[in-house]
There are 2 protein chains.
Amino acid sequence: MKKKKKNENSSKIFEGHDHGACFGDAITLIEDYFIEKKLQLTPLRRKVFEILIEDHKPLGAYEILDSLGKAGFSSSPPIAYRVLDFLMEHGFVHKVQGLNAFIACSNPEHSHFPTFVICRKCEKVAEVSDEKTRLNLSSPEITDFKIEKTTIELTGICSTCENAEIR
Amino acid sequence: MKKKKKNENSSKIFEGHDHGACFGDAITLIEDYFIEKKLQLTPLRRKVFEILIEDHKPLGAYEILDSLGKAGFSSSPPIAYRVLDFLMEHGFVHKVQGLNAFIACSNPEHSHFPTFVICRKCEKVAEVSDEKTRLNLSSPEITDFKIEKTTIELTGICSTCENAEIR
DNA sequence: CATGTAATGATATAACGTAACATCTTAACA
DNA sequence: TGTTAAGATGTTACGTTATATCATTACATG
Ligand SMILES: [Zn+2]
Ligand SMILES: [Zn+2]
Ligand SMILES: [Zn+2]
Ligand SMILES: [Zn+2]
């Protein structure tokens with residue numbers, strides 16, 4: 001199961017990738033994690049995660065509910081929110097606050113404080129590990145505060161969209 | 001109008017401050033800015049800003065609407081959202097995404113990418129200038145992206161609340 | 001069987017936000 | 001000064017996002 005890490009040496013966060021491998025790897029990873037932690041990867045939870053990892057972009061709760069409905073599950077709001085909360089607790093899903101939407105984690109192997117880079121034009125979203133973009137939290141202003149969770153979202157325009165805008 | 005800057009040498013971001021001076025300074029600042037930019041600081045806009053600066057904490061749009069209603073203004077949703085958008089455009093108000101709430105800027109003199117530090121227990125929120133906490137955005141991952149806006153929110157527990165939790 | 005616990009289902013409603021259009025005010029200008 | 005255009009506010013209606021609450025199912029344990 002040891003695959004080459006995706007985009008390891010790339011400087012382009014919005015590049016494509018081998019999504020088949022990405023999908024398979026992610027499923028394996030969540031299965032293993034759930035077994036190890038003695039959690040139930042129920043059909044509902046699996047389906048929600050699959051919907052997110054398949055689309056590989058942020059989806060609103062009600063979009064997820066639509067998909068769930070089409071797949072034969074209940075599609076009442078609490079269903080989605082409960083499962084999403086659960087998956088978020090365990091680091092397999094993040095919420096993109098600026099879009100009121102949810103996205104499968106691109107790198108659940110790391111315990112991390114992810115940064116999301118969001119193009120306002122093409123609406124692509126990239127998750128960047130905190131190893132790459134790191135807040136300077138050493139300033140004395142923050143020493144009397146214990147950080148439990150971070151929301152870091154960078155909105156702007158990707159080079160592809162910017163080049164398109166110029167002409 | 002040259003007052004000593006608030007908390008200049010403090011290491012505690014959740015400390016109190018001279019709110020009378022804070023309020024007065026902020027009003028003066030926004031008045032001057034609006035004159036300089038030939039913008040209308042109308043009664044409605046002034047009132048919304050006063051509500052926020054007075055409370056000095058994040059308020060939901062509907063809380064603001066309540067206050068507006070009590071002050072004799074219309075309290076239909078678009079009123080608040082329009083004025084908030086306007087004040088945000090000019091940097092006098094920020095949205096705290098994690099709370100769906102709005103807060104007066106603590107430091108509108110700077111053009112900045114602010115960081116918000118949010119205690120989940122006492123719900124106090126501090127705005128920290130980007131001069132203090134700065135993202136490392138030099139990583140090649142982000143060089144093909146032009147950042148226009150940042151959302152940086154650190155949620156956790158302040159030392160006061162943590163000490164209270166222990167006993 | 002009785003009880004407990006985890007997960008899911010279902011209804012209703014709260015909270016947040018916007019589109020569209022009407023009315024009123026201000027600033028600019030002939 | 002009256003006309004006009006732009007800016008600001010008001011109003012209705014609606015759309016979207018999220019939660020509270022209670023009911024049901026399934027399965028484990030004593
Ligand atoms: Zn992640
Ligand atoms: Zn783009
Ligand atoms: Zn600010
Ligand atoms: Zn606190």
Side-chain angles (χ1 to χ4, degrees), chain A residues 30 34-35 37-52 58-90 92-103 120 123 151 153, chain B residues 30 33-52 57-90 92-103 120 123 151 153 155:
Chain A
I30 194 173
F34 271 56
I35 290 168
K37 297 268 178 166
K38 298 196 205 308
L39 302 171
Q40 301 181 50
L41 186 55
T42 62
L44 178 63
R45 287 169 180 169
R46 175 185 287 266
K47 185 68 195 176
V48 170
F49 183 68
E50 284 175 358
I51 290 166
L52 285 170
L59 296 177
Y62 284 74
E63 292 180 280
I64 293 167
L65 283 169
D66 281 350
S67 296
L68 285 178
K70 283 168 191 157
F73 292 90
S74 163
S75 59
S76 51
I79 294 291
Y81 285 102
R82 278 194 295 234
V83 172
L84 289 167
D85 282 348
F86 184 86
L87 293 173
M88 283 193 292
E89 268 173 34
H90 294 282
F92 290 94
V93 168
H94 300 294
K95 179 167 186 181
V96 182
Q97 292 283 358
L99 304 173
N100 290 325
F102 303 86
I103 189 168
R120 63 164 160 75
E123 296 187 295
T151 299
E153 300 178 7
Chain B
I30 194 172
Y33 177 93
F34 270 56
I35 289 168
E36 191 204 332
K37 298 268 180 166
K38 299 199 205 307
L39 301 171
Q40 301 182 47
L41 186 55
T42 61
L44 178 62
R45 288 168 179 169
R46 176 185 286 266
K47 185 68 195 177
V48 170
F49 183 68
E50 284 176 357
I51 289 166
L52 285 169
K57 66 174 192 189
L59 296 177
Y62 282 69
E63 292 180 279
I64 293 166
L65 283 169
D66 280 350
S67 297
L68 285 178
K70 283 168 191 156
F73 293 90
S74 163
S75 59
S76 50
I79 294 291
Y81 285 103
R82 276 195 297 236
V83 173
L84 289 167
D85 283 348
F86 184 85
L87 293 173
M88 283 193 290
E89 269 172 34
H90 293 283
F92 291 94
V93 168
H94 300 295
K95 179 166 187 180
V96 181
Q97 292 283 358
L99 303 172
N100 289 326
F102 303 86
I103 189 167
R120 63 164 160 75
E123 297 185 295
T151 299
E153 299 177 5
T155 305

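Note that this is a predicted model, so its numbers are computed, not measured. Numbers restart at 1 for each chain; the letters A, B, ... are given by sequence-line order, proteins then strands.
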note = Picking from C:dG17, C:dT8, D:dA18, the nucleotide nearest the side-chain atoms of A:Leu44 would be C:dT8
request  = Search all heavy atoms of B:Gly98 against all heavy atoms of B:Glu153 and return the closest pair with its distance.
outcome  = N-OE1, 2.9 Å
key: Strand contacts (DNA chain C) in residues 68-76 of chain A, 4.0 angstrom heavy-atom criterion   = A:Ser74, A:Ser76
ask   = Rounded to the Å, how far apart are B:Arg45 CZ and D:dA8 C1'?
value = 6 Å
message = In whole Å, I'd like the distance from the CG atom of A:Leu65 to the P atom of D:dT17.
response = 11 Å
request  = Grab the CG-P distance between B:Asp85 and C:dA19 for me, whole Å please.
outcome  = 10 Å
task = With rounding to the nearest 0.5 Å, note down the distance linking CD1 in A:Ile30 to CZ in A:Phe49.
result = 4.5 Å
key: Heavy-atom pair with the smallest gap, counting every atom of B:Ala61 and B:Ala80   = O-CB, 4.0 Å
query = Counting just side-chain N and O atoms, does B:Gln40 come under 4.0 Å of either OP1 or OP2 of D:dG7?
reply = no
message = In this structure, how many angstroms lie between the C1' atom of C:dA15 and the CG atom of B:Asp66, rounded?
response = 12 Å
inquiry  = What is the distance, to the nearest angstrom, from the CG atom on A:Asn100 to the P atom on D:dA18?
reply    = 5 Å
task = Please round to the nearest 0.5 Å and tell me the distance separating atom CG of B:Leu52 and atom CD of B:Glu63.
result = 10.0 Å
query = So, A:Tyr81 and D:dT19: ring centres less than 5.5 Å apart, planes less than 30° off, yes or no?
reply = no
query = Are any side-chain N or O atoms of B:Gln97 and backbone N or O atoms of B:Thr151, one a donor and one an acceptor, separated by less than 3.5 Å?
reply = no
Between protein and nucleotides 4-6 of chain D, what N or O pairs are separated by less than 3.5 Å?
none

query = Got a second to check how far A:Lys95's NZ is from A:Asn100's CG, nearest 0.5 Å?
reply = 5.5 Å
request  = Determine the contact category for B:Ile79: base if any of its heavy atoms lies under 4.0 Å from a base atom, sugar-phosphate if only primed atoms, P, OP1 or OP2 are that close, otherwise nothing.
outcome  = base
ask   = OP1 or OP2 of C:dT8 sitting under 4.0 Å from any side-chain N/O of A:Thr42?
value = yes
note = Separation between CD1 (B:Ile79) and CD1 (B:Ile64), nearest 0.5 Å, reads 13.0 Å
Protein-nucleotide distance (B:Glu63, atom CD; C:dC16, atom P), rounded to Å = 8 Å
ask   = Is B:Lys95 near enough to C:dG17 that one of its side-chain N or O atoms lies under 4.0 angstrom from OP1 or OP2?
value = yes
request  = Could you check B:Leu39 against B:Phe86 for side chain to side chain contact (heavy atoms under 4.5 Å, CB included), going step by step and ending with a plain yes or no?
outcome  = CA-CA 11 Å; B:Leu39 301 171; B:Phe86 184 85; 4.3 Å; yes
ask   = Can a donor-acceptor pair under 3.5 Å be found between the side-chain atoms of A:Tyr62 and the base atoms of D:dG15?
value = no
task = Nearest 0.5 Å please: distance from the CD1 atom of A:Ile51 over to the CZ atom of A:Phe73.
result = 8.0 Å
ask   = Between B:Lys38 (NZ) and D:dA8 (C1'), how many Å, whole number?
value = 19 Å
message = When you measure only distances, ignoring hydrogens and angles, does the side chain of A:Arg82 come within 3.5 Å of the base of C:dG9 through a donor and an acceptor?
response = yes
ask   = Going from CG on A:Leu68 to OG on A:Ser74, what distance comes out if it is rounded to the nearest 0.5 angstrom?
value = 8.0 Å
task = Would you kindly give the CD1-to-C1' distance between B:Ile35 and C:dT26, to the nearest whole Å?
result = 16 Å
